[in-house]
Each structure stands twice: as C-alpha cells, then as structure tokens.
Amino acid sequence: MDSIVVIDFETTGLSPNQGDRATEIAAVLIRDGQIVDRYQSLMNAGVRIPSYVEALTGISNAMLRKAPPIDRVMGEVSDFVADYPLVAHNASFDRKFWDAELDRIRVKRKQDFICSMLLARRLLPQAPNHQLGTLIALAGLPVTGRYHRALADAEMTANLTLYLEQELMRRFSLPGINHALLGKIQKTPKAQLKQCVERFRHLCVE
DNA sequence: TGCCAGGCCCTCTTTAGGGCCTT
C-alpha cells in the first residue's frame, strides 16, 4: 500500500475566487494503512473571518492575529506533502484553496486529488448523507476532536479513507489498494464499479 | 443595480434544474 496525504483546510468562506482565504490547514501522512505523521497550523492571511464562520470553526480573529504568516505555513505544508497523492473530503473544495494559496507563493501542485466523499458515495450508498460526521458515525470510527478544526477533520478523513479501502478490499477480494485505483473508482458511475475494479485489479498488490 | 462557488450526481435529463458537500 503506497503513501497518501490527507489534507483539510479551514477558510474564511467557500470560494477563493470571491476573496476567501485559508485560516488553518492540517495534513496527515498515511503509510502502510496507518497514520505515521501529522502537520497542523493556523495561518494569518491578514483577512477577517466572518462571525458565522468563527462560530462554525471556533477559529477566532484573535487566534489568527497570533498565527504565523500564511506564506510560511503554505511553504511548510507543501514541503510536508511533497509529491504524495492528496486526499480530502469533498476534494473539489480543498483543491481550489490548495491551488489558490500555492499560486500566491509560486508553487505548482505536483499531484492529483482523491475525494473521500466521491468514494463514499460509491462504496456507502446506504448512508443517509455523505457529510464527514455522518460517515464517521456510520462506520463506527472515533471522533478525534472538534469538527471543523483542520487536524480533527483530516484525521477523521484519513480514518474514513482507510475504512473505505478495507471495504473495497473486502467487497472485491483485493490483496491491497493502490491510490491509482482510488482515482479511477472516484470517477466511475456506481453501476460500473465492479467492471472498473476488475479492469484495474492489476494495480493492487499486497 | 443586483448579484456573487463550483464540481458532482440524480432525474420528471442530455437544448436543464436542483440537491449535496465543503467554509
């Protein structure tokens, strides 16, 4: 099983195109089916967090005033992530901010994103919804901290991803999981999941 | 002036609309 990094951003809003900025990031390195390293930091981009987002995340403007500058944090987390494949829950959101913040420090993304929400929609269609908290409860996984804080969400997304990998291995009798297989599955219509796994079974090794 | 995300996915679809999910 190869290494992957799960990331989670907290931000001032939903869209970097509308001026929203990152306020916190966490990155969790998974190797051989276990979390082996973590990075987490608040970051100060010199912008205000709207009060409703402060209430949502528990990250206040006072906390950001004491946080390190965003350029330094993004440089550090970019080094931590290196060229490992990235995972996030609803990855289209984190990818937008990852690309926008790296662009500001003139760093280019080196890898693709895998989305745990798209995988869960395919592998856990019976879930009442596919919010992170619902899936953690459904899978019986531990709540590792406050939801909407970066490290807790990244750790829970990491545990969910490992759970989904186990589910995939069990359901299709796979000897192991390769991130390239996850990348194929997240884009495959539910009805064609079996054919997709069989087509790319050769990617999986013990 | 008023508005302001966007990618994915389902369906009463594909010349579209609307819900989900992330902060």
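These figures come from a predicted structure and were not determined experimentally.
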Salt bridge check: are Glu24(A) and Arg149(A) linked by an N-O gap of less than 4.0 Å?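 Arg149(A) and Glu24(A): salt-bridged.
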For Glu167(A), is there an ion pair with Arg171(A) - N to carboxylate O distance below 4.0 angstrom?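 Judged by the 4.0 Å cut-off on N to carboxylate O distance, Arg171(A) and Glu167(A) do form a salt bridge.
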Quickly work out the [X] [atom1] to [N] [atom2] distance and round it to whole Å.
X         : N       : atom1 : atom2 : answer
Met43(A)  : dT23(B) : CE    : C1'   : 12 Å
Tyr147(A) : dT22(B) : OH    : P     : 10 Å
His89(A)  : dT23(B) : NE2   : C1'   : 14 Å
Ile7(A)   : dT22(B) : CD1   : P     : 15 Å
Leu124(A) : dC21(B) : CG    : P     : 13 Å
Asp20(A)  : dT23(B) : CG    : C1'   : 8 Å
Leu14(A)  : dC20(B) : CG    : P     : 15 Å
Ile25(A)  : dT23(B) : CD1   : P     : 13 Å

Could you tell me whether [X] contacts a base, only the sugar-phosphate backbone, or nothing, with contacts defined as non-hydrogen atoms closer than 4.0 Å?
X         : answer
Ile49(A)  : nothing
Thr12(A)  : nothing
Phe97(A)  : nothing
Asn129(A) : sugar-phosphate

Does the side chain of Lys184(A) come within less than 4.5 Å of Arg199(A)'s, by heavy atoms? no
Are the side chains of Phe9(A) and Met43(A) in touch, meaning some heavy atoms are under 4.5 Å apart? yes
Under-4.0 Å side-chain N/O to phosphate OP1/OP2 contact, His130(A) with dC20(B): no
For atom [atom1], what is the distance between [N] and [M], given to the nearest Å?
N       : M       : atom1 : answer
dT15(B) : dC3(B)  : C1'   : 25 Å
dC12(B) : dG19(B) : C1'   : 15 Å
dG17(B) : dT13(B) : C1'   : 9 Å
dT14(B) : dC10(B) : C1'   : 13 Å
dT23(B) : dA5(B)  : C1'   : 11 Å
dG2(B)  : dG6(B)  : P     : 22 Å

Go through the side-chain N and O atoms of Thr11(A) and Asp20(A) and say whether any donor and acceptor fall under 3.5 Å apart.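 No, because no side-chain N or O of Thr11(A) sits under 3.5 Å from a partner of the opposite role on Asp20(A).
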Is there a donor-acceptor contact under 3.5 Å linking the side chains of Gln111(A) and Tyr84(A)?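 On atom types as modelled, these side chains do not qualify, holding no pair under 3.5 Å.
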Between the protein and nucleotides 6-9 of chain B, which nitrogen or oxygen pairs are less than 3.5 angstrom apart?
residue: dG6(B); atom: OP1; partner: Asn17(A); partner atom: ND2; Å: 2.9
residue: dC9(B); atom: OP1; partner: Arg122(A); partner atom: NH1; Å: 2.7
residue: dC9(B); atom: OP1; partner: Arg122(A); partner atom: NH2; Å: 2.2

Among all residues two or more places apart in sequence or in another chain, which pass the side chain to side chain donor-acceptor pair (under 3.5 Å) test with Arg21(A)? Glu101(A)
Rounded to the nearest 0.5 Å, what separates atom CZ in Arg95(A) from atom CG in Asn90(A)? 9.5 Å
